[in-house]
Amino acid sequence: MDRIKYAVFTDKSIRLLGKNQYTSNVESGSTRTEIKHWVELFFGVKVIAMNSHRLPGKSRRMGHTMHYRRMIITLQPGYSIPPLRKKRT
């Protein structure tokens, strides 16, 4: 479960919760099948679809921060994931 970093709480992700879609950031080296397997195993849910896109790292004075991937996970009706902890800033 260490590949899933944290849940994302933005206006769009909160709107997607009504469609049974959950958004989280994962490590950039993770594949869709790995994330699907971990979500189904850890939360005991059935995943219908997964959408992902890579987000660029932020520029810093001495280099870049890590790149990461954002996953939007669609679950079958009747399943839900309890809220994950929000990343502290």
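Because only heavy atoms are used, hydrogens play no part in the values below, and waters and symmetry mates are left out as well, while side chains stay in. The model shown is predicted, which means the values in this text are computed figures rather than measured ones.
- Note that NE2 of His37 and CG of Leu41 are 5.0 Å apart. Values are rounded to the nearest 0.5 Å.
- For the atom pair CG (Leu17) and NZ (Lys12), the distance works out to 12.5 Å, reported to the nearest 0.5 Å.
- No continuous path of hydrophobic side-chain contacts links Val8 to Val26 [ILVMFWY only; heavy atoms under 4.5 Å].
- Here the straight-line distance linking atom CZ of Phe42 with atom CD1 of Ile81 works out to 10.0 Å at 0.5 Å rounding.
- The two residues Arg32 and Met50 make their nearest non-hydrogen contact at NH1-O, 3.1 Å.
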Side chains of residues 69-79: which donor-acceptor partners sit under 3.5 Å, not counting sequence neighbours?
residue	atom	partner	partner atom	Å
Arg69	NH1	Ser30	O	2.6
Arg70	NE	Asn25	OD1	3.0
Thr74	OG1	Gln21	NE2	3.1

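- Thr31 has its side chain out of reach of Ile35: every pair of non-hydrogen atoms, C-beta onward, lies at least 4.5 Å apart.
- Counting heavy atoms from C-beta on, the side chains of Tyr22 and Asn20 come closer than 4.5 Å.
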